[in-house]
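The structure appears below as structure tokens.
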Protein chains: 2
Amino acid sequence: MPFANTEIPGKFQAFLAQRGIRMTEQRRAILNVIETAKKHLDAGQILRRARKLDPSIDRSTVYRTLGLLKRHGLIDELDLMHLDGEAHYYERKLNRDHIHLACLRCGRITEFVSDLFESLKEQVEKECGYRIAVARLEIGGYCSKCRT
Amino acid sequence: MPFANTEIPGKFQAFLAQRGIRMTEQRRAILNVIETAKKHLDAGQILRRARKLDPSIDRSTVYRTLGLLKRHGLIDELDLMHLDGEAHYYERKLNRDHIHLACLRCGRITEFVSDLFESLKEQVEKECGYRIAVARLEIGGYCSKCRT
DNA sequence: ATCCTATTGCGACTGTGTCGCATTAAGATG
DNA sequence: CATCTTAATGCGACACAGTCGCAATAGGAT
Ligand SMILES: [Mn+2]
Ligand SMILES: [Mn+2]
Ligand SMILES: [Zn+2]
Ligand SMILES: [Zn+2]
């Protein structure tokens, strides 16, 4: 469940328009689904929801759109420890990065923001000489309720 | 390229024996491949290398053994940004966790150890109440040679 | 040497993600 | 508004990772 939506929906569309990327009926539907999602969705779930807005949308269009959004840094792709199958999960990128914790017993997903994480990324950029585009910290473990 | 091998090969076998897990010809081959690997390998690569030691080994045995090693916390599973296909990569777990950086242009993989990373994990355990089993920090970006 | 059962190979299967190609429709232009 | 260019789509076929049930095999305890 990505963080409270403090963003105005429609941001994606504005961003892409500014870069001269063509807006289609299908893209509008997919962007809408992702922007308003209250949890992490995989490609199949995105497809099903988008089809409620535009029933003609094809699976491959979803994948192509996810590729587009990834390339432009608008969404992040997650494994969430592949607790159920091999699909990847997507969420819109917000101002601030966050960490994902997945409980290996109950499957609960927790999000966490940390200044230490920001410092760590800075350290990596400096000491490894990388310019970071995506930073994914995913943790598998046992939540307070499931700890033995 | 996992870090310099300061570990004695055979550790896996000893560990599993101690837990009363049956050792087979096939498992010995697979463990050997993983323990002596000098870079991150995917399941297909592990299979091909293991077959040189025991040609009868089947794909499913590799996957089952990887599952076993994951469950016992002996190996880590990585995406490495899925730079080439959807396969996952494996490496033996060492004393110290490390971060993976993947260059989105040249594909180079860099490993990095950081105390900040250790502190961050401690913070997460405390503040989120999780007992961490696996912590994966994977970064996609541009290495010093590829930065525009 | 015998026995129990965990592990294996096999084969068939599921599901994710990709791609080429003919068709459609965005949106720029006049 | 009609025309035109070309990016984007739907479709179908595909590649490939990973899983599973089942009968046969072999570890290793006795
Ligand atoms: Mn993955
Ligand atoms: Mn590594
Ligand atoms: Zn839990
Ligand atoms: Zn590079």
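To find a chain, count down the sequence lines: A is the first, B the second, and so on, and within it residues start at 1. All heavy atoms count here, side chains included; hydrogens, waters and symmetry mates do not. For clarity, every value in this text was computed on a predicted model and none was experimentally measured.
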Could you check Glu86(B) against Arg51(B) and say which one's nearest nucleotide on DNA chain C is further toward the 5' end?
Arg51(B)
When you check the gap from the basic side-chain N to the acidic O, do Arg64(B) and Asp58(B) get nearer than 4.0 Å?
no
Please determine whether side chain to side chain donor-acceptor pair (under 3.5 Å) holds for the pair Tyr130(B) and Thr110(A), giving the CA-CA distance in whole Å, both sets of side-chain angles, and the decisive distance to 0.1 Å.
CA-CA 10 Å; Tyr130(B) 265 73; Thr110(A) 306; 3.1 Å; yes
For Arg71(A) and dA8(D), give me the distance from atom CZ to atom C1', rounded to whole Å.
12 Å
Would you jot down, in residue-number order, the residues of residues 15-28 of chain B having a non-hydrogen atom under 4.0 Å from DNA chain D?
Arg22(B), Met23(B)
Without decimals, in angstroms, what is the distance between Leu66(B) CG and dA17(D) P?
13 Å
State, without any angle test, whether Glu138(B) and His82(B) hold a side-chain donor-acceptor pair at a distance under 3.5 Å.
no
Quiz question: by atom type and distance under 3.5 Å, do the side chains of His88(A) and Asp42(A) form a donor-acceptor pair?
no
Mind checking salt bridge (Lys or Arg N to Asp or Glu O under 4.0 Å) for Arg49(A) and listing every partner two or more places apart, or none if nothing turns up?
none
For the residue pair Lys121(A) and Phe117(A), would you count it as a cation-pi contact if the rule is NZ or CZ under 6.0 angstrom from the ring centre and within 45 degrees of the ring axis?
yes
I'd like to know if Asp115(B) and Arg96(B) make a salt bridge, using a cut-off of under 4.0 Å between side-chain N and carboxylate O.
yes
What is the ring orientation for His98(B) with His40(B), classed by angle as parallel under 30°, tilted 30 to 60°, or perpendicular over 60°?
tilted
His72(B): partners by ring-ring contact (aromatic ring centres under 6.0 Å, His included), with sequence neighbours left out:
none
Chain B on DNA chain C: first and last contacting nucleotide, 5' to 3', under 4.0 Å to a heavy atom?
dT5(C) to dG17(C)
So for the helix from dA1(C)-dT30(D) to dG30(C)-dC1(D), with five pairs setting each end axis, what is the inter-axis angle to 10°?
40°
Counting only non-hydrogen atoms, which of residues 56-64 of chain A are less than 4.0 Å from DNA chain D?
Ser56(A), Ile57(A), Asp58(A), Ser60(A), Thr61(A), Arg64(A)
Does Tyr90(B) or Leu68(A) map to a spot on DNA chain D nearer the 5' end, using the closest nucleotide for each?
Leu68(A)
Got a salt bridge between Arg28(B) and Asp54(B), using NZ or NE/NH1/NH2 to carboxylate O under 4.0 Å?
no
Donor on one side chain, acceptor on other, Tyr90(A) and Glu77(A), under 3.5 Å
yes
Does any donor atom in the side chain of Ser114(B) or Gln123(A) lie under 3.5 Å from an acceptor atom in the other side chain?
yes
Any ion pair linking Glu35(B) and Lys11(B) (charged N to carboxylate O, less than 4.0 Å)?
no
Atom-pair distance (CD on Glu77(B); P on dG18(D)), nearest Å:
7 Å
